[in-house]
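As the structure is a computational prediction, the values presented were derived from the model and not from experiment.
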Amino acid sequence: RFKPFNDVFDHHIGDLAIIAAAEMLSNFKRKSDVLGRVGGDEFLLLTSNVDEAEAELITQRLREEFENLFIEVDLNKPINLSPDQRKALNKDLYQEYTANDLSEDDFLKLGMKIEKTSDKIKLYIGGSVGKAMIGADSKINDLEISADKDRMDNKVYLEGYSRVPS
């Protein structure tokens, strides 16, 4: 969930979070797996030739990877707080703030897990409130993977998929 990054910092930071997640997933997947971004902050990893136990192991490893995945932001980076956020954090409505001005608890209230170092803040991508939906789902149906010859960008498109709730 990258919305808190976009809202508090800016879309550039949100984009860095998406890039970090995509790079981690690309390095994580096997050659036979198919990885795609299916929404703003949603990725789909399709695996084959795995049983339910292996799928659960893959799911657990992905959770661990996301829990440790972070991007770094300068402590002096200006932040944007809405009037409601300022009120919830007991911050002045008109003062400008930097990342250094907020505590770890403040960031948690904004939906982000962070860790401050001497000059940076580590924004944990998998630690945002509103956990990522990572799960082994063998009930994906109506899946069609197509390479549309009218699309000349050499990407694989996932069309018509639906997930059956567990």
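Among pairs with a residue in residues 19-49, none fulfils ring-ring contact (aromatic ring centres under 6.0 Å, His included), at least two apart in sequence or across chains. Counting only residues at least two apart or on different chains, the salt bridge (Lys or Arg N to Asp or Glu O under 4.0 Å) pairs with a member in residues 100-112 are K91-D106, D105-K109.
By the side-chain contact (heavy atoms from CB on, under 4.5 Å) test, N27 pairs with no residue at all, sequence neighbours left out. Under the rule for a side-chain contact (heavy atoms from CB on, under 4.5 Å), E96 has no partner lying at least two apart in sequence or in another chain. Applying the side-chain contact (heavy atoms from CB on, under 4.5 Å) rule to I71 yields the partners I13, L16, A17, A20, L123, I125; only residues at least two apart in sequence or on another chain are considered. Applying the side-chain hydrogen bond (donor to acceptor under 3.5 Å, both in side chains) test to R30 and every residue at least two apart in sequence or in another chain returns D33. The side-chain contact (heavy atoms from CB on, under 4.5 Å) check on E23 picks up I19, with sequence neighbours excluded. Residues meeting the side-chain hydrogen bond (donor to acceptor under 3.5 Å, both in side chains) test with E72, sequence neighbours left out: none.
Nearest heavy atoms, L69 versus A21: CD2-CA, 3.7 Å. Minimum interatomic distance between G111 and P4 (heavy atoms only, all atoms of both residues): O-CG, 3.9 Å. Shortest non-hydrogen contact noted between R86 and D92 is NH1-O, 2.7 Å.
When side chains are defined from C-beta on, L110 does not count as touching D7, because their heavy atoms never get closer than 4.5 Å. Side-chain contact check for K113 versus F70: every heavy-atom pair is 4.5 Å or farther apart.
Members clustered with L57: none, using a 4.5 Å side-chain heavy-atom cutoff among hydrophobic residues. With a 4.5 Å cut-off between side-chain heavy atoms of Ile, Leu, Val, Met, Phe, Trp and Tyr, the cluster of L93 takes in Y94.
Between I58 atom CD1 and K29 atom NZ the span is 12.0 Å, to the nearest 0.5 Å. Between atom CG of residue L102 and atom CD1 of residue I114 there is a gap of 8.0 Å, rounded to the nearest 0.5 Å. Separation of atoms CD (E64) and OG1 (T59) is listed at 11.0 Å; rounding is to 0.5 Å. Distance CD/E54 to OG1/T47: 9.0 Å, rounded to 0.5 Å.
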Could you pull out every donor-acceptor pair under 3.5 Å between side chains of residues 73-80 and any protein atom, sequence neighbours left out?
from: D74; atom 1: OD1; to: N76; atom 2: N; distance (Å): 2.6
from: K77; atom 1: NZ; to: D10; atom 2: OD2; distance (Å): 2.9
from: N80; atom 1: ND2; to: F9; atom 2: O; distance (Å): 2.9

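Under a 3.5 Å cut-off, the side chain of Y124 and the backbone N or O of E115 do not form any donor-acceptor pair.
For the 3.5 Å distance criterion, the side chains of E56 and Q60 fail to qualify, holding no donor opposite an acceptor.
Heavy-atom neighbours of N49 CG from other residues, nucleotides or ligands within 6.0 Å: at or below the threshold of 12.
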